[in-house]
Each structure stands twice: as C-alpha cells, then as structure tokens.
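Below is one structure, written out as structure tokens; comments come after it.
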Number of protein chains: 2
Amino acid sequence: MSKGVRTRAAILGEALSLMSTDGLSGLTIGLLAERTGLSKSGLFAHFGSKEQLQVAVLQEAQACFTTHVIRPVLDLPRGLPRLEAFAEGWWAWNRSPPFPGGCPIQAASLELDDRPGPLRDEIAGAQRRLRAFIRQGAAMAVAAGHFRPGLDCTLFAFQMVGIAFAQTMTCRLLGEPEGLDFVRRAWRLQVDGALGTTQNQTGEMNHVE
Amino acid sequence: MSKGVRTRAAILGEALSLMSTDGLSGLTIGLLAERTGLSKSGLFAHFGSKEQLQVAVLQEAQACFTTHVIRPVLDLPRGLPRLEAFAEGWWAWNRSPPFPGGCPIQAASLELDDRPGPLRDEIAGAQRRLRAFIRQGAAMAVAAGHFRPGLDCTLFAFQMVGIAFAQTMTCRLLGEPEGLDFVRRAWRLQVDGALGTTQNQTGEMNHVE
DNA sequence: TTGACAATAGCACGATCGTTCGTTTATTTG
DNA sequence: CAAATAAACGAACGATCGTGCTATTGTCAA
C-alpha cells in the first residue's frame with residue numbers, strides 16, 4: 001500500500017489537529033490543503049466530498065483514542081486495575097491529547113448532537129462504544145469481586161463520562177491548574193461508591209427521604 | 001423601548017435558536033438576516049462586527065438561562081430545597097431548552113475552549129458564574145445543616161457540571177429515553193454523599209442513614 | 001407637521017467555501 | 001524500459017462569507 005494511502009493518513013493527521021482546535025465546521029478543505037502542502041483539488045480527490053472527509057476524520061479520532069488510551073490498558077488484569085489505568089489514561093488524554101486542541105470526540109459530540117446525519121451517527125457510535133467499554137470494565141470489576149454485586153454499570157459509565165466533560169471544562173476552558181485534582185477526587189468517590197462493602201445493602205438504590 | 005432595541009432583541013432570540021443547532025460558527029449573518037426578515041446590512045448595523053454579534057448572543061444565552069433556571073429557584077428557601085429545585089430545573093433545561101437545539105452554553109463551551117479571545121472569555125465567565133452559583137448553593141446547604149460540614153463545595157459543583165454534560169450526551173446525542181433517570185440517580189448519589197450523616201467519618205464517604 | 005436622526009435597504013467588494021474538469025506529473029506494474 | 005494507472009495540480013464555477021459604503025425609509029420629539 002503506497003503513496004495514496006500514506007498521504008491520506010498524513011491528511012487525516014493534520015485534519016485531526018485542525019479539528020481539535022477549530023471544530024468539525026472549522027475544518028476547511030482550503031486550510032487543510034494549505035497545511036498539508038497539497039492543492040485543494042488534489043486533497044479533495046482523496047475523499048470525494050467534504051462529508052466523507054469529516055467522517056474519515058471522526059474515525060481517525062476514534063482510532064487515535066483507541067491507540068493511546070484503550071489498547072495500553074488491555075494488557076492489564078481485568079477489573080479494577082484495568083479500570084483505574086484506563087481512567088488515568090483518559091484524564092491524561094483529556095488534559096493533553098496528541099493535538100493542539102482538546103479531545104476531538106468530546107468537541108464533535110456537542111457540535112453534532114442536534115444535526116442528524118452520517119456525522120452524528122458516527123460520533124454517536126463512538127460514544128456508545130466508549131460507554132460500552134466502561135460498562136464492561138465495571139462489569140469485570142464486579143465479576144472479579146472488586147466492585148459490589150448489583151452495581152449498575154451503565155450508571156457507572158454515565159458518571160465517568162460526566163467527570164471527563166467536567167475535566168475539559170475545568171482544565172481547558174477555565175484553565176485551572178488544580179483541575180486534575182478534582183477529576184481524581186471525583187473519580188475516587190465514584191470508585192469508592194462502587195467497591196464491595198462489608199455491610200452492603202440494596203445495591204444502587206440508596207436514599208430515603 | 002424603541003424600535004432599535006426591539007429588533008435587536010428579536011435578532012438575538014432568533015440567533016440563539018440558530019446557534020443552539022448549528023453552533024456559534026454556524027451562526028451566519030446572511031442566514032440570520034434571512035430568518036429575521038432583515039437585510040444583511042441592516043442586521044449587521046446593529047452589532048458592528050460578527051464577533052460583537054457573537055458576544056451578544058452568548059450574553060443573551062446566559063440571560064435566558066438565568067430567567068428560566070436560576071431566577072425561579074431564588075424564591076425557595078436556601079439550602080437543599082433550592083439546590084434540588086435548581087437541579088431539576090437544570091435537567092429540564094438541558095433536555096428541552098427553549099430552542100430547537102441543545103443548551104447553547106454547553107455547546108459554546110466546548111467549541112471555544114481552545115480559541116483564546118473575547119468569545120472564550122465570555123463563555124468562560126459564564127461557566128465560572130454557574131459554578132460559583134452551585135458552590136454557594138452547596139455552601140448554604142452546609143450552613144443550613146442539610147449538608148455535612150467540611151463538604152468541598154467546589155468539588156460538588158464540579159461533579160454537578162459533569163452530570164449535566166453526561167445528560168446532554170445521553171438525552172440529545174444518543175437519544176436514550178431513560179437518560180433522565182440516570183441523571184436523577186447520579187444526582188441523588190451525589191446529594192446523598194453530601195448529606196449530614198449520623199455517624200460521619202473522615203470525609204467524602206457517604207451512605208445512607 | 002416638520003425636521004432631526006435612527007433604522008433599514010441596496011449594492012458592491014474581496015475572500016473563501018465546496019466542487020468539477022481537463023491536464024500533468026509520479027508511481028507502480030508488466 | 002515502456003505502458004498503464006494512480007496521484008496531484010491549476011483554473012474556474014457559483015455560492016456565501018463578513019464588511020464597507022450610500023441612499024432610502026421609518027420613527028419620534030418639538
């Protein structure tokens with residue numbers, strides 16, 4: 001596999017950087033051509049349409065996330081160790097991803113959530129897969145006895161996604177240096193709430209009014 | 001209130017709707033003029049530049065949020081009642097704000113977090129004020145004895161912001177009908193963890209009374 | 001009612017958008 | 001090495017972008 005595939009990869013890499021700062025709608029063919037040193041038409045020929053380019057970029061972003069965050073933790077033992085390592089890797093990714101801007105998946109998720117079409121489908125799929133990964137990770141921790149039985153792993157994933165977004169707000173938008181501390185403490189609270197407890201009651205339902 | 005002010009308000013209202021679906025960068029002067037029935041130049045004269053229009057829209061979004069979510073709960077007693085009402089109002093706003101799209105503040109926050117300038121300053125200020133409101137709300141709950149003393153109200157606000165973003169993902173992007181349930185359960189867990197407990201130990205550990 | 005002034009329209013500008021097409025240059029293959 | 005194919009270019013298109021002007025309309029106080 002040669003030239004064509006290689007330049008296509010280079011284009012997507014540059015596109016990811018551009019998108020991380022300017023968003024999907026800021027990803028323009030002219031600008032991208034300029035940064036890659038290609039002509040507009042030469043670059044365009046690789047994708048056939050702007051939308052196909054955008055889809056390719058979203059897929060590239062997922063692949064990059066998998067490489068940097070998911071794959072490394074798959075070597076670790078299932079359950080809590082893997083989950084903890086994934087968390088730490090995710091926080092690191094969110095704070096300083098391999099792009100000049102922030103996490104492109106988070107950005108695209110809020111950019112596309114009201115515009116039905118192939119782009120939204122793509123990013124929605126990414127979020128679904130991510131949540132499934134977390135959910136299964138939590139389920140493994142339950143199976144391994146690290147987390148208490150009856151834990152709602154879907155809710156667990158929901159909460160973890162929330163922490164990740166709150167991190168982006170704190171670390172990137174507000175630029176607060178202590179942001180990572182809040183992330184870790186919120187995550188610790190969530191994990192502690194999921195641990196197997198000595199006197200464990202009804203499971204997820206807690207409360208009393 | 002004179003003509004100019006009235007049309008300006010109408011423009012901003014329409015701009016808010018447009019922005020909620022297409023984002024700040026999708027908010028174009030030509031499109032906005034078309035929707036308001038004005039000419040491009042006529043509309044343009046109200047703001048002087050695109051950036052000033054965008055700033056005005058961001059401020060309008062904050063004003064709208066204050067009117068719909070913040071102000072109503074200020075009548076309620078300080079502490080937990082006000083905080084709970086605010087939460088419920090916020091979830092309602094996130095799921096179905098008075099625009100065709102999702103919450104413009106959330107969307108703009110992730111759109112602008114990597115682009116320094118007046119726009120980012122504006123939305124960062126909005127997020128800071130929102131967090132401060134939550135923090136103070138939690139502090140009032142502590143003062144009223146609803147929440148345990150020593151609660152980290154900043155962390156509390158951090159977590160609540162996370163829930164709100166996770167809600168947008170679930171309810172808007174993924175379109176899961178049970179999304180609001182997760183929101184409420186995550187929020188309940190957070191509140192329970194902050195309540196004054198009978199035997200209160202080291203800190204964040206919670207659990208039921 | 002008229003005169004002052006705010007509000008809006010009309011038009012044009014340079015730039016850039018996504019896209020098409022024919023041509024030229026590289027690369028791969030026989 | 002030559003033929004076949006892939007990759008990239010250059011120029012142009014209609015549309016739309018944000019932004020200046022000037023002229024016209026509308027509003028409001030005297």
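Order of the sequence lines sets the chain letters (A, B, ...), proteins ahead of strands, with each chain counted from 1.
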According to a strict under-4.0 Å criterion, is [X] in side-chain N/O contact with OP1 or OP2 of [N]?
X: A/H46; N: D/dA8; result: yes
X: B/S41; N: D/dG20; result: no
X: B/T7; N: C/dT8; result: yes
X: B/T28; N: D/dG18; result: yes

Side chains of [X] and [Y]: donor-acceptor distance under 3.5 Å anywhere?
X: A/Q62; Y: A/R129; answer: yes
X: B/S109; Y: B/Q127; answer: yes
X: A/W187; Y: A/E84; answer: yes

Report which part of the nucleic acid [X] touches: base, sugar-phosphate, or nothing (heavy-atom distance under 4.0 Å, all strands).
X: A/L43; result: nothing
X: A/A45; result: nothing
X: B/G48; result: nothing

[X] [atom1] - [N] [atom2] separation (whole Å):
X: A/K40; N: C/dG18; atom1: NZ; atom2: C1'; answer: 7 Å
X: A/R6; N: D/dA7; atom1: CZ; atom2: P; answer: 10 Å
X: B/L32; N: D/dC17; atom1: CG; atom2: P; answer: 11 Å
X: A/L38; N: D/dA6; atom1: CG; atom2: C1'; answer: 14 Å
X: B/L53; N: D/dC17; atom1: CG; atom2: P; answer: 13 Å

Winner on side-chain proximity to A/K3, out of C/dT27, C/dT19, C/dA9, is C/dT27
Checking D/dA8, D/dG18, C/dT19 against the side chain of B/K50 (C-beta onward), the nearest is D/dG18
Between A/W93 and A/F99, is the ring pair (Phe, Tyr, Trp, His ring centres under 6.0 Å) condition met? List the steps.
CA-CA 10 Å; A/W93 163 279; A/F99 322 109; 5.7 Å; yes
